[in-house]
Structure formats: C-alpha cells, structure tokens
Amino acid sequence: DTEVTQTPKHLVMGMTNKKSLKCEQHMGHRAMYWYKQKAKKPPELMFVYSYEKLSINESVPSRFSPECPNSSLLNLHLHALQPEDSALYLCASSPGGLAGVGGNEQFFGPGTRLTVL
Amino acid sequence: KNEVEQSPQNLTAQEGEFITINCSYSVGISALHWLQQHPGGGIVSLFMLSSGKKKHGRLIATINIQEKHSSLHITASHPRDSAVYICAVKPSGSRLTFGEGTQLTVNP
C-alpha cells in the first residue's frame with residue numbers, strides 16, 4: 001500500500017458542529033502532517049507529528065485539535081469552526097521523523113474539502 | 001521577497017509543445033520537490049531532487065545548487081498535463097516552503 005488516504009472527501013458543517021477528519025497511511029512512515037490550502041494558494045503547514053508525538057504546531061487556533069492514535073493514523077478534530085476555515089485540508093506523510101532528517105519526500109493524500117456554513 | 005519564486009505564474013500551451021517552469025530559491029536546502037495538483041484535487045509528488053537531473057516519462061527536472069535554481073520540463077505536452085505545478089524546498093531539518101505555483105493549461 002503506497003498511498004495516503006483521507007476521509008471524508010467532502011465535509012459540510014455548521015459553526016456549532018463537531019467533526020473529525022481522518023488520514024491513514026500504511027507505508028511505515030514516521031512523520032505525518034496536516035496542511036490547510038485555500039483556493040489558488042500553496043498549502044500552509046498546520047501540524048507535524050513525528051514518531052506519534054506532536055512536533056510542530058504552527059500557532060493553529062484551538063478549534064483545530066490534532067490526534068495521532070498510532071503510527072498509521074492521524075486525525076484532525078474540528079469544533080466551533082468559522083466560515084473562513086473553509087478550505088482543502090491535506091494530509092501528508094514522510095518516511096523518517098521530522099527532526100534531523102533532511103530531504104524526505106512527502107506523500108500527500110487527496111484532501112478533504114471542508115465547507116463551514 | 002518569497003523564499004521560493006516560480007515563473008511563470010500562468011502558462012498556456014498547445015498540445016505537443018515543450019514546456020518549462022522555473023523555480024528560484026534563496027535559502028540553503030537539502031532537497032527540492034516538484035508537485036502537481038489538479039483542480040480541486042490532492043497533491044502528487046513528481047520529483048524530489050538534491051542535485052543533477054531526474055526523468056520520469058515525459059517529465060524532466062533539473063537543479064543547479066550553486067545558482068539556487070530548478071526547472072521542470074514537460075515534453076510533448078498533453079491536455080491531461082493541465083494542472084498547478086508547485087515547487088517546494090526543504091531547508092535542512094525544517095519544513096517544506098512552497099512556491100505560489102504555476103497554472104499550466106494545455107489546449108488540444
């Protein structure tokens with residue numbers, strides 16, 4: 001299995017809802033990433049997990065809560081989002097851990113298109 | 001000034017044409033990535049390179065570390081190559097820094 005999968009593909013939620021995005025990889029990768037991408041813009045890094053520990057939080061609002069239950073799975077829990085949080089949320093993974101490993105190729109998932117009403 | 005600059009921002013070509021997209025960066029890096037994104041879709045990694053040249057099918061990527069410059073070439077372009085092409089660099093031990101992307105449209 002050489003891919004990163006993300007579910008759901010599309011999600012529409014109200015500002016009071018609680019929902020979760022899921023990302024899975026079975027390539028044995030030890031770093032996993034969440035990115036947010038607005039239309040016609042490059043991805044913006046949100047979080048990085050390295051060896052199942054949160055290594056980077058790019059000052060993301062607390063209404064986004066990441067979780068890495070095991071080395072294959074990465075979740076992003078959403079609560080009380082705002083309409084401006086509507087975007088494509090991309091997950092990625094890379095073989096090595098983040099620290100001290102330069103040049104590891106990142107494998108991206110297809111993304112979840114999130115719309116907040 | 002962005003750490004990663006791509007040119008052109010938009011490119012329209014006729015099917016069969018040879019295409020070049022350029023990427024210049026201003027920091028020391030351990031690797032440079034070329035990524036492809038179709039409309040509304042996820043990102044596909046095309047190449048990761050730290051020196052020289054790589055080829056995959058009709059795609060060729062080159063990098064000149066001294067000049068801090070990379071190019072992505074597409075030979076015999078096809079409408080299915082229409083996508084956004086993104087250059088991203090990775091300074092050692094740090095996270096990917098993305099360019100703004102080049103929107104390529106190949107007309108039949």
Side-chain angles (χ1 to χ4, degrees), chain A residues 2-10 21 23 25 27 29 31-50 55-60 86-115, chain B residues 2-11 21 23 25 27-52 54 56 59 61 63 65 70 82-105:
Chain A
T2 58
E3 62 175 1
V4 176
T5 59
Q6 288 187 244
T7 54
K9 283 193 171 60
H10 300 274
L21 310 185
C23 172
Q25 56 86 16
M27 296 179 280
H29 290 178
M32 295 185 77
Y33 310 75
W34 279 117
Y35 290 91
K36 173 183 176 180
Q37 187 180 28
K38 301 285 270 185
K40 297 190 187 301
K41 290 291 184 185
E44 299 170 24
L45 184 65
M46 300 174 73
F47 303 103
V48 182
Y49 274 81
S50 178
S55 297
I56 294 177
N57 176 342
E58 291 288 307
S59 302
V60 179
S86 299
L88 181 69
Y89 287 84
L90 292 159
C91 175
S93 69
S94 61
L98 180 67
V101 181
N104 265 324
E105 185 171 6
Q106 287 189 23
F107 292 73
F108 286 84
T112 293
R113 175 74 58 190
L114 175 66
T115 302
Chain B
N2 290 340
E3 289 181 326
V4 182
E5 297 273 355
Q6 284 186 238
S7 64
Q9 283 187 317
N10 294 282
L11 179 56
I21 300 171
C23 176
Y25 53 92
V27 296
I29 65 169
S30 59
L32 181 143
H33 300 250
W34 281 104
L35 310 167
Q36 179 194 58
Q37 187 170 32
H38 281 99
I43 290 175
V44 174
S45 178
L46 299 175
F47 295 103
M48 183 183 77
L49 61 166
S50 53
S51 66
K54 285 190 176 180
H56 185 252
L59 302 177
I63 188 168
I65 296 292
S70 176
S82 299
V84 175
Y85 291 83
I86 303 169
C87 172
V89 301
K90 192 174 190 301
S92 293
S94 185
R95 74 286 309 269
L96 280 180
T97 301
F98 295 86
E100 292 288 317
T102 294
Q103 173 68 62
L104 171 65
T105 303

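- Among all heavy-atom pairs drawn from B/Gly42 and A/Leu90, the shortest one is CA-CD2, 4.0 Å.
- With a threshold of 4.5 angstrom between heavy atoms, B/Gln103 does not approach chain A through any atom at all.
- Annotation: side chain of B/Arg95 is not in contact with side chain of A/Val48 (no heavy-atom distance under 4.5 Å).
- Atom OG of A/Ser94 is separated from atom CE of B/Met48 by 9.5 Å, given to the nearest 0.5 angstrom.
- Looking at residues two or more places apart in sequence or on another chain, you find no salt bridge (charged side-chain N to carboxylate O under 4.0 Å, His left out) involving A/Glu44.
- Only the side chain of B/Leu35 has a heavy atom closer than 4.5 Å to any heavy atom of chain A.
- Residue A/Lys41 holds its NZ atom at 12.5 Å from CD1 of B/Ile86, rounded to the nearest 0.5 Å.
- Nearest heavy atom pair, residue B/Ile43 against residue A/Phe108, reads O-CB, 3.2 Å.
- Considering every non-hydrogen atom in both B/Glu100 and A/Pro42, the closest pair reads OE1-CD, 3.7 Å.
- Residues A/Leu88 and B/Gly41 approach most closely at CD2-O, 3.6 Å, considering heavy atoms.
- For A/Lys38, the NZ atom is densely surrounded, since the number of other residues' heavy atoms within 6.0 Å is greater than 12.
- The ring pair (Phe, Tyr, Trp, His ring centres under 6.0 Å) check on A/Tyr89 picks up A/Phe64, with sequence neighbours excluded.
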